[in-house]
Protein chains: 2
Amino acid sequence: MLQNPENCAVVRTVGYIGGKWKPIILIRLLNGGKVRFGKLAVQMPDISRKILSQQLKELEEDGLILRYSYMEKPPRVEYELSESGKTLIPVLKAMYDWGIQMEDPATRGTWDPIVK
Amino acid sequence: MLQNPENCAVVRTVGYIGGKWKPIILIRLLNGGKVRFGKLAVQMPDISRKILSQQLKELEEDGLILRYSYMEKPPRVEYELSESGKTLIPVLKAMYDWGIQMEDPATRGTWDPIVK
DNA sequence: CTCATTAGTTACTTATATGTTACCAGTTAA
DNA sequence: TTAACTGGTAACATATAAGTAACTAATGAG
């Protein structure tokens, strides 16, 4: 995880949810319910499956998501926000709102998975 | 800055304030007023002056802080949160509170520049 | 004259994050 | 019997972030 020499709580939070992909993964799981690995991969075309797998494993190790693996062939694995992960919702909301404010109107995207 | 292929607002926010040092710098400037470069350097013993300088420049280029350079020798430079930077306060607060929740009690630090 | 002062920069090195490609296993359908 | 399905992993390559050491310039103090 991100180094944190001064043991700053904000840096710690960045370590848990920062980076290029973790916010997107978390937002995909925000609406609740289990989501399959393959569905996440389809929803995020630009992330490689290796990185997706790696990020999911880190989120699971950090206790933010739960992983359900069914012993079937072909395999089926589902992910879901944990109780601890749900406490992130107001944090993600604050970061999301601020990021919207800072968005260049000319480059404005339509990507808005936080719908409610 | 951090790549953001899906143009996600949360990732954008991480790009502005993420990393190992930016949260700490911003928190140091939260209480308002101008702070000299050297004072920041003393308050953050583990950051090299080169990196501190670089991070301050990025924050300034992003419009989050203001830089006042007085033409004196030896030089004097002061930094201050901009109006745009002040809009970060609720975001940092949310991230700070969450980070405190996640802190391992055994490793609990005493570092708490958000005093009020 | 010489040294300390301040806020940097330049060149170079190391660490961390992210990415590409190829490969695997057990079952079902063609 | 051959291919497709799924959720990975291993080996390798690159990109970004962070760190180190040496150096600069104008003035004042000793």
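Every chain is numbered from 1, with letters handed out A, B, ... down the list of sequences. Computed from a prediction, not measured in an experiment: that's the story for all the values here.
Counting any heavy atom pair closer than 4.0 Å across all strands shown, B:Glu58 reaches no nucleic acid atom. Within 4.0 Å of A:Lys50, counting heavy atoms only, lies at least one base atom of the nucleic acid. Counting non-hydrogen atoms under 4.0 angstrom, B:Lys57 reaches the backbone sugars and phosphates but no base. Counting any heavy atom pair closer than 4.0 Å across all strands shown, B:Tyr70 reaches no nucleic acid atom. Counting any heavy atom pair closer than 4.0 Å across all strands shown, A:Glu72 reaches no nucleic acid atom.
Between B:Leu56 and B:Leu40, the closest side-chain pair of non-hydrogen atoms falls below 4.5 Å.
Of the candidate nucleotides D:dA26, C:dC12, C:dA7, C:dA7 has the atom lying nearest to any side-chain atom of B:Phe37. Considering only side-chain atoms of A:Ile51, the nucleotide from C:dT18, D:dG7, D:dG19 that sits closest is C:dT18. Side-chain proximity of A:Trp21 to C:dG26, C:dT18, C:dT5: nearest is C:dT18. The side chain of A:Val77 lies closest to D:dG8 when the candidates are C:dG8, D:dA18, D:dG8. Considering only side-chain atoms of A:Pro74, the nucleotide from D:dG8, C:dG26, D:dG7 that sits closest is C:dG26.
Contact check, B:Gln55 against D:dA17: no side-chain N or O comes under 4.0 Å of OP1 or OP2. Taking side-chain N and O atoms only, B:Arg67 has a distance below 4.0 Å to OP1 or OP2 of C:dG8. Applying the 4.0 Å criterion to OP1 and OP2 of D:dT6, one finds that A:Lys39 has every side-chain N and O outside that range. Contact check, B:Arg36 against C:dA7: a side-chain N or O comes under 4.0 Å of OP1 or OP2. Contact annotation: B:Gln3 does not reach the phosphate of C:dT18 (side-chain N/O to OP1 or OP2, under 4.0 Å).
Spacing between atom CD of B:Gln54 and atom C1' of C:dA7 amounts to 15 Å, rounded to whole angstrom units.
Partner of B:Tyr68 under the side chain to side chain donor-acceptor pair (under 3.5 Å) criterion, out of B:Arg36, B:Lys34, B:Glu80: B:Glu80 alone.
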